[in-house]
Amino acid sequence: MSSAELHAQIASANTKFEGYFNENDMKALASLYTEDATVMPPASDTVTGRDAIAELFGKVRSQMARIKLTIVEVGVVHTDSVVYERSHYSFYNEKGDEMDNGKYIVIWKKVDGEWKLYSDIFNTSKSA
């Protein structure tokens with residue numbers, strides 16, 4: 001698979017993530033993760049599994065109305081079944097004002113031919 005094809009596949013998955021978050025469909029958002037996925041949010045404990053991930057992003061969504069993801073880099077970690085993504089995010093309120101921005105890294109795994117988020121860590125770029 002070419003790096004352009006890989007980038008396009010991850011970008012497509014990110015578009016789904018944005019849509020589910022913005023529509024407040026956390027069950028669908030969590031389905032983008034592997035069943036044993038972990039998310040490491042800022043200033044909080046690691047959460048594991050789709051139910052906990054749905055709950056985490058539900059709490060985030062209660063404070064932020066919209067998310068925008070911007071890919072910086074996608075690359076292969078091991079064969080074509082594990083890749084990494086290094087990117088930026090922005091959260092917006094209902095009025096469209098940016099409330100937070102930061103960076104994240106995701107390890108993606110190919111499960112049954114579909115890219116799933118396996119390990120996700122994000123943190124803010126705004127000072128406290």
Side-chain angles (χ1 to χ4, degrees):
M1 168 184 341
S2 74
S3 63
E5 290 171 319
L6 178 59
H7 187 281
Q9 289 177 11
I10 298 303
S12 176
N14 280 349
T15 298
K16 289 178 185 177
F17 187 104
E18 290 171 332
Y20 295 146
F21 184 90
N22 296 342
E23 295 163 8
N24 201 20
D25 188 347
M26 297 310 145
K27 183 174 181 178
L29 184 146
S31 75
L32 299 173
Y33 286 82
T34 63
E35 291 185 29
D36 60 344
T38 58
V39 176
M40 295 166 274
S44 185
D45 293 332
T46 298
V47 297
T48 302
R50 289 179 176 161
D51 289 342
I53 290 168
E55 183 179 341
L56 168 70
F57 282 108
K59 289 177 184 175
V60 173
R61 179 63 172 77
S62 72
Q63 299 172 17
M64 310 289 181
R66 192 170 61 83
I67 190 171
K68 175 68 181 142
L69 306 175
T70 306
I71 294 175
V72 174
E73 178 183 18
V74 175
V76 174
V77 174
H78 179 70
T79 66
D80 284 338
S81 62
V82 180
V83 301
Y84 70 90
E85 173 196 0
R86 181 174 61 90
S87 297
H88 298 280
Y89 70 84
S90 294
F91 284 116
Y92 301 89
N93 66 14
E94 293 286 344
K95 296 185 281 183
D97 301 321
E98 185 179 78
M99 302 303 292
D100 187 25
N101 65 70
K103 57 266 183 208
Y104 67 92
I105 292 181
V106 171
I107 303 299
W108 294 83
K109 279 186 164 181
K110 195 168 256 190
V111 178
D112 297 327
E114 188 176 345
W115 288 111
K116 299 279 188 182
L117 295 95
Y118 173 66
S119 187
D120 183 358
I121 185 168
F122 63 98
N123 55 69
T124 185
S125 292
K126 293 196 173 203
S127 59

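Every heavy atom of this structure was used, including side-chain atoms; hydrogens, water molecules and symmetry mates were not.
- In the hydrophobic clustering of ILVMFWY residues, with side-chain heavy atoms under 4.5 Å counting as a link, V76 and I107 come out apart.
- Put simply, the side chain of V82 does not reach to within 4.5 Å of the side chain of Y118, judged on heavy atoms.
- Taking CG of L117 as the start and OH of Y33 as the end, the distance is 5.0 Å to the nearest 0.5 Å.
- Both Y104 and V60 are assigned to one and the same hydrophobic cluster, defined by single-linkage of ILVMFWY side chains at heavy-atom distances under 4.5 Å.
- Residues F91 and K68 have side chains not in contact (no heavy-atom distance under 4.5 Å, counting atoms from C-beta outward).
- Applying the side-chain contact (heavy atoms from CB on, under 4.5 Å) rule to E55 yields the partners K59; only residues at least two apart in sequence or on another chain are considered.
- Here NZ of K27 is found 8.5 Å from CG of D51. Values are rounded to the nearest 0.5 Å.
- Residues K103 and V72 have side chains not in contact (no heavy-atom distance under 4.5 Å, counting atoms from C-beta outward).
- Atoms OG and CE, from S119 and M40 in turn, are 3.5 Å apart once rounded to the nearest 0.5 Å.
- The only option from D100, T70, N101, N14 that meets the side-chain hydrogen bond (donor to acceptor under 3.5 Å, both in side chains) definition with Y89 turns out to be D100.
- Between K110 and W115, the closest side-chain pair of non-hydrogen atoms falls below 4.5 Å.
- The aromatic rings of F122 and F57 lie parallel to each other, their planes meeting at an angle below 30°, with 60° marking the opposite boundary.
- In this structure, E73 CD and R86 CZ are separated by 4.5 Å, a value rounded to the nearest 0.5 Å.
- The residue from L32, T48, V47 that alone fulfils the side chain to side chain contact (heavy atoms under 4.5 Å, CB included) condition with I53 is V47.
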